[in-house]
Peer 1: 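Attaching a single structure in structure tokens format; questions to follow.
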Amino acid sequence: MNKRIFFAALLMVAMLSLHAQKVMKAPEGGKPISDELIGIFFEDISMSADGGLYAELVQNGSFEYSPNERDGWGPGTAWRSVRPGHSLGYVQPRMDQPLNVNNPTYMRLVAERVKEYYDYNGWKGFGLQNDGFDGIVLKEGHKYDFSAFLRNVEGAAKQVRVVLQEPGGFRQPPVLLADTTFDVSAQTWQKYTAVLMPTKSSQHANLQILLLTQGAVDVDVVSLMPEDTYKGHGLRKDLAQALADLHPRFMRFPGGCIVHGGGDGFWDTYRWKNTVGPKEQRRGLKNCWGYHQSFGLGYYEYFQFCEDLGMEPLPILPCGVSCQGTNGGWGMRGQAQDVVPMSEMDEWLQDALDLIEWANGDPATSKWARLRAEQGHPAPFGLKYLGLGNEERISPEFAERFKYLYERITKAHPEIVIVGTAGPGSHPGNGDFEQGWRLAEELQVPILDEHYYEPRDYFLKSRQYDQYPRDRRTKVYLGEYAAKDKKLIDALAEALYLLHVERNGDVVAMTSYAPLFARKGTNNWNPNLIYFDNERPFLTCSYYVQQMFGLSSGQYYYGDCVTIDEKTDLQEQSVVLNVKTRQLFVKICNASADEKTVSLDLSRFGSLKKVGVKTVLSGQPDQENNFDQQPIVPRKESITGAKKMSLKVAPYSFTMLQFSL
């Protein structure tokens with residue numbers, strides 16, 4: 001053996017041995033539980049993607065908004081014509097000779113006469129203005145990448161000026177923040193790019209594209225992206241960081257009801273293949289929540305974000321069955337579902353098989369893996385989980401199609417863990433729930449996705465998973481849940497429920513709160529975990545509960561280390577050990593109006609480090625965080641570790657102690 005290889009092998013063995021020594025042995029009395037209990041669920045609801053997590057600042061940059069998506073919408077939505085210097089011209093939406101068939105609509109700018117009006121600093125030209133999503137926020141000295149596809153219609157080259165500006169007032173000129181000029185000569189589509197750096201910050205800037213030469217130019221796929229995005233991958237930095245701070249172990253995407261479309265037919269079902277490849281070739285689609293999806297945030301970006309945060313990706317694919325809300329079918333068990341004929345199900349099966357190839361395949365042998373590599377990721381993403389269906393009514397038609405997909409996917413890829421669905425309203429006694437579980441047990445589906453949104457009293461009082469059979473092979477994924485308000489007492493109700501989930505961490509493998517995001521003024525749902533505007537996120541009380549649980553994941557649960565005096569249903573506790581990080585977490589929730597005395601016996605865990613961290617989330621039960629005030633935030637302090645100790649737990653509080661071992 002080569003000496004260099006031999007000594008490298010010895011070093012590797014030594015490093016592995018050292019790593020193994022760091023992973024402690026769990027003391028007796030602990031129950032093995034999932035350390036993937038806390039994840040996130042992203043759905044493009046309430047403008048969560050375009051105008052939200054996706055950092056693109058231009059709205060309707062491809063001119064593909066349509067009245068099919070919302071009454072009154074069209075190619076010019078979010079745009080308006082401008083003519084500084086009183087130039088003359090018109091805009092014309094067109095679809096002949098498009099950039100590509102997936103993006104057929106573009107805008108033609110026709111300048112009939114270009115004039116200067118010197119009271120406005122010599123600005124001139126005719127063109128279009130985009131105000132983004134309720135204004136464009138720009139930061140002084142930061143770089144912004146502009147791009148657009150332009151085409152000279154005929155004749156000599158045309159000058160096109162791109163301007164970032166802040167509007168002026170009455171007889172006040174606009175403030176020029178940055179600009180550049182292109183000479184557009186080619187009569188074929190060409191991509192033009194520039195880096196713009198504003199000379200001052202602005203909370204309400206806009207983008208103008210001005211034709212300075214008489215004649216016509218075609219414009220499509222206009223983009224303005226900040227260079228300062230999360231890890232340089234095109235996601236809005238503050239919103240992505242808010243998700244990173246949750247310490248999630250997985251991310252479910254892209255939905256939600258969005259998976260099987262908006263109930264208008266299968267034409268607007270989410271198909272992952274339309275969301276990968278060059279962004280100008282992605283086919284935008286109506287969102288089931290009533291607006292347009294550009295798919296600038298698509299499957300490649302989802303997988304990349306999972307990698308950036310160390311999360312397992314959990315993509316959800318449709319099963320060829322419509323949302324149960326189609327044709328007014330919510331809550332109507334007699335309502336027939338729209339279904340894909342069984343003779344056409346191979347197309348939907350192939351979508352699933354191709355997704356696995358795209359995520360995990362070798363670019364040398366797979367065309368889908370080669371597409372992934374061409375986007376910049378030659379290494380496999382390491383897809384482990386795949387969801388089939390999203391809370392569809394568990395009808396005979398659904399069962400037939402789910403079984404068809406499940407059996408063929410697991411045969412082709414036994415390494416992939418399939419996540420099924422228990423339908424809407426996943427409580428014992430619900431018909432869909434019972435049928436979903438029967439189907440899962442018949443097929444031995446590894447994980448079943450349950451959903452429910454309930455008033456806080458349900459989460460305060462119910463302990464649903466205490467009653468589940470312990471011998472089921474199918475584990476639970478609580479994929480969507482929330483108390484139906486955003487006050488502190490609602491967050492404490494969720495904390496109580498999650499403590500009961502931890503107690504049942506041998507049955508429940510994963511959880512994710514829903515919905516995740518909502519843009520200010522565009523709520524499709526309430527409550528949401530994180531609200532935001534153009535400048536900042538606003539974190540709810542529930543966010544901090546999720547964060548505390550995300551920080552305290554582990555592999556072993558201990559239920560007999562904490563004693564709460566005069567305990568009622570409004571108090572819960574758990575002790576979780578992470579053997580990989582040698583961290584011990586003690587969590588106590590008190591959702592009552594009374595202070596409680598708590599006794600801890602941590603003797604079995606050996607020596608605690610002298611100093612630990614105590615984190616407390618508390619306040620008045622009806623308080624909530626909103627856009628004006630954020631009164632509820634976790635408070636941290638040092639605490640001296642001891643094998644036995646007691647502490648007072650405040651009313652309406654959630655307390656977490658963290659010790660190193």
Peer 1: Kindly indicate whether a cation-pi arrangement holds for Arg271 with Trp348, taking the cut-offs as under 6.0 Å to the six-membered ring centre and within 45° of the axis.
Peer 2: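 Yes, a cation-pi geometry.
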
Peer 1: Decide, yes or no, whether a salt bridge links Arg536 with Asp238 under the criterion of side-chain N to carboxylate O below 4.0 Å.
Peer 2: no

Peer 1: Considering only heavy atoms from C-beta outward, does the side chain of Val91 approach that of Arg108 to under 4.5 Å?
Peer 2: no

Peer 1: Answer with yes or no whether the side chains of Asn206 and Gln165 bring together a donor and an acceptor at under 3.5 Å.
Peer 2: yes

Peer 1: Quick one: does NZ or CZ of Arg161 land under 6.0 Å from the six-membered ring centre of Trp123, within 45 degrees of the ring axis?
Peer 2: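 Judged by the rule (NZ or CZ under 6.0 Å from the ring centre, within 45° of its axis), Arg161 counts as positioned above Trp123.
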
Peer 1: Kindly write out the residues that satisfy side-chain hydrogen bond (donor to acceptor under 3.5 Å, both in side chains) with Thr105, not counting sequence neighbours, or none if the list is empty.
Peer 2: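 Listed in chain order: Glu64.
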
Peer 1: Decide whether a cation-pi geometry holds between Arg252 and Phe41; the criteria are a distance under 6.0 Å from NZ or CZ to the six-membered ring centre and an angle within 45° of the ring axis.
Peer 2: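 Arg252 over Phe41 ring: yes.
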
Peer 1: By the definition ring-ring contact (aromatic ring centres under 6.0 Å, His included), identify the one residue from Tyr543, Phe627, Tyr531 that meets it with Phe538.
Peer 2: Phe627

Peer 1: Taking 4.0 angstrom as the limit, do Lys520 and Asp134 come out as a salt bridge?
Peer 2: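 So Lys520 does not pair with Asp134 through a salt bridge.
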
Peer 1: Suppose we call two aromatic rings close when their centres sit under 6.0 Å apart. Are Tyr302 and Phe253 close by that rule?
Peer 2: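 Here the rings of Phe253 and Tyr302 have centres that are less than 6.0 Å from each other.
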
Peer 1: Restricting to pairs with a member in residues 373-385, which pass salt bridge (charged side-chain N to carboxylate O under 4.0 Å, His left out), not counting sequence neighbours?
Peer 2: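 Of all non-adjacent pairs touching residues 373-385, those that pass salt bridge (charged side-chain N to carboxylate O under 4.0 Å, His left out) are Glu36-Lys384.
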
Peer 1: For Tyr300, does the six-membered ring have the charged nitrogen or CZ of Arg282 within the cation-pi criterion, i.e. under 6.0 angstrom from the centroid and within 45° of the normal?
Peer 2: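 Verdict for Tyr300: no cation-pi partner in Arg282.
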
